[in-house]
Asks: 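This is the structure, below, for whatever I ask next.
Worth knowing before you read on, the calculation uses all heavy atoms, side chains too, and leaves out hydrogens, waters and symmetry mates. In what follows, chains are A, B, ... by sequence order, proteins preceding strands, each numbered from 1.
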Number of protein chains: 2
Amino acid sequence: MIKQTQITEESIKVFKALADPIRLEIIKYLSQLDHEVSCGEISQTMQISKTSGSYHFKILQEAGLISVRKVAREKYVILDRSTFDRHLTHFWQNL
Amino acid sequence: MIKQTQITEESIKVFKALADPIRLEIIKYLSQLDHEVSCGEISQTMQISKTSGSYHFKILQEAGLISVRKVAREKYVILDRSTFDRHLTHFWQNL
DNA sequence: TACATAGTTCAAAGATATTTGAACTATATT
DNA sequence: AATATAGTTCAAATATCTTTGAACTATGTA
C-alpha cells in the first residue's frame, strides 16, 4: 500500500518555501556544496542579517526542505532531497 | 548549446503560482481531464467567484502553467506541461 | 434593439509574508 | 567572572497577496 499524498498543507508549505529568491539561493548554495553548513555561513554568503536568516531557515525547515543538526552553539543545515523528490520530481504522481 | 535557466523571476512566478490551494486544485482538475476547459466551468467546479477565478487564471497564465485560447466570449485553458517539467521535474538541473 | 452571458478591470479591504533592531538564551573563550 | 559568538524571539513597520463587488467590454440570443 503506497501512501498517496493529497493537496495538503504540506505541499503548500513546500511551494511557499520555494517561492522566494533568497530561499532559492540558499537551496542552490546548499546543493552545490552537498554537505552540512552552518546558518551563519549561509547568512554571510547571502548577505542577509542573522534575523532574516533565522526566519528563512525556519520556513525551509518547516517545509521539510532542509534538516538541521545542532552542535553546541551552532546549527548545521543540509538539504533533505527526499522532500524535493516527493513534491517536485514526482509532482504529477502526488497531485 | 542548452539554455541554462537561472534563478529568475520565472521560477519565482512558477512557485508562487503553485503556492496556493485553489490554484493547486485547478491544476489537479485540469490534469485529470487533460483537455481544454472553459474558465467558467472551472470557477463553478472550484466554487469561487468569477472575479477570483479571473485572478487565479492570470497568475497561472503569467507563470506559464496554463495556456489559453479565446473562442468568441469564452476562454479555454489547458495545462502547459512543459513548464511543469522545466521547473519541477527538472528542478535540480535548472537551479 | 434589448437583454443575457463570459470574462476583465479597478479600488478598497483584509489577510499573509518579510524585514528590522532590540532583547534574549546558550555556549565558548579569556 | 567577564566578554564574545551563534542563533532565536518579539513586536512594529512594510510589502505583497487575495477577495470582494461594482462597473466595464465583448459576444450571443430573443
Asks: Within the structure shown, what part of the strands sits under 4.0 Å from A:K50 by heavy-atom distance: base, sugar-phosphate, or nothing?
Replies: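 Base: the residue A:K50, judged by heavy atoms under 4.0 Å, touches a nucleobase.
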Asks: Would you mind classifying the nucleic acid contact of A:I48 as base, sugar-phosphate or nothing, using non-hydrogen atoms under 4.0 angstrom?
Replies: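 If one applies the 4.0 Å heavy-atom cut-off, A:I48 turns out to touch nothing in the nucleic acid.
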Asks: Look at A:R73 and C:dT25 and indicate whether a side-chain polar atom (N or O) is within less than 4.0 Å of OP1 or OP2.
Replies: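 For C:dT25, OP1/OP2 do not have a side-chain N/O of A:R73 under 4.0 Å.
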Asks: What's the verdict on side chain to side chain contact (heavy atoms under 4.5 Å, CB included) for A:R81 and A:S31, showing C-alpha distance, side-chain angles and the deciding distance?
Replies: CA-CA 9 Å; A:R81 286 174 189 261; A:S31 78; 3.8 Å; yes
Asks: When you measure from the side-chain N and O atoms of B:T51 to the phosphate of D:dG21, is any distance below 4.0 Å, counting only OP1 and OP2?
Replies: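 False: B:T51 side-chain N/O out of range (4.0 Å or more) of D:dG21 OP1/OP2.
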Asks: Using salt bridge (charged side-chain N to carboxylate O under 4.0 Å, His left out) as the criterion, point out the one residue from B:K70, B:K75, B:R69 that pairs with B:E36.
Replies: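 Only one option passes, and that is B:R69.
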Asks: Measure the distance from CD1 on B:I12 to P on D:dT16 and round it to the nearest whole Å.
Replies: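 Atom CD1 in B:I12 sits about 13 Å away from atom P in D:dT16.
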Asks: Please report the distance, rounded to the nearest Å, between CD in A:E74 and P in D:dT8.
Replies: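 Value for this atom pair: 12 Å.
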Asks: For A:E41, does its backbone N or O pair with a side-chain atom of A:T45 as donor and acceptor, under 3.5 Å?
Replies: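 Indeed, once roles are kept as given, a pair shorter than 3.5 Å links the two residues.
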Asks: CZ of A:R23 versus P of D:dT16: gap in Å, rounded?
Replies: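 My rounded result for the distance is 14 Å.
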Asks: I need the CZ-P distance between B:R69 and C:dA6, as an integer number of Å.
Replies: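 Result: 17 Å.
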Asks: Does B:Q44, at its CD atom, have more than 12 non-hydrogen atoms belonging to other residues, nucleotides or ligands within less than 6.0 Å?
Replies: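 No - once you tally the heavy atoms of other residues, nucleotides and ligands closer than 6.0 Å, there are 12 at most.
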Asks: Please check the phosphate of D:dT8 (OP1 and OP2 only) for any side-chain N or O of A:K75 closer than 4.0 Å.
Replies: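 Checking D:dT8 against A:K75, a side-chain N or O does come within under 4.0 Å of OP1 or OP2.
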Asks: If you check every side-chain atom of A:I59, which of D:dT19, C:dT19, C:dT18 has the closest atom?
Replies: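 Looking only at side-chain atoms, A:I59 lies closest to C:dT18.
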Asks: Check whether any side-chain N or O of A:H56 sits under 4.0 Å from OP1 or OP2 of C:dT19, and answer yes or no.
Replies: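 For A:H56, the contact criterion (side-chain N or O under 4.0 Å from OP1 or OP2 of C:dT19) is met.
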Asks: A:K16 near the nucleic acid: base, sugar-phosphate alone, or nothing, with a heavy-atom cut-off under 4.0 Å?
Replies: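 Contact class for A:K16: sugar-phosphate only.
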Asks: Return no unless some side-chain N or O of B:S54 is found under 4.0 Å from OP1 or OP2 of C:dT8.
Replies: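 It does, given that an N or O in the side chain of B:S54 lies less than 4.0 Å from OP1 or OP2 of C:dT8.
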Asks: Calculate the interatomic distance between A:L18 atom CG and C:dT18 atom P; express it in whole Å.
Replies: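 From A:L18 CG to C:dT18 P: 12 Å.
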Asks: Round to the nearest Å and state the distance from A:F57 atom CZ to D:dT8 atom C1'.
Replies: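 Going from A:F57 (CZ) to D:dT8 (C1'), I get 13 Å.
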Asks: Under a 4.5 Å cut-off applied to non-hydrogen side-chain atoms, are A:L88 and A:F15 in contact?
Replies: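 They are in side-chain contact.
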Asks: D:dT8 P sits how many Å from A:E62 CD, rounded?
Replies: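 One finds 12 Å between P of D:dT8 and CD of A:E62, rounded.
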Asks: Rounded to the nearest Å, what distance is computed from the NZ atom of residue A:K58 to the C1' atom of nucleotide D:dC10?
Replies: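 Answer to the nearest Å: 11 Å.
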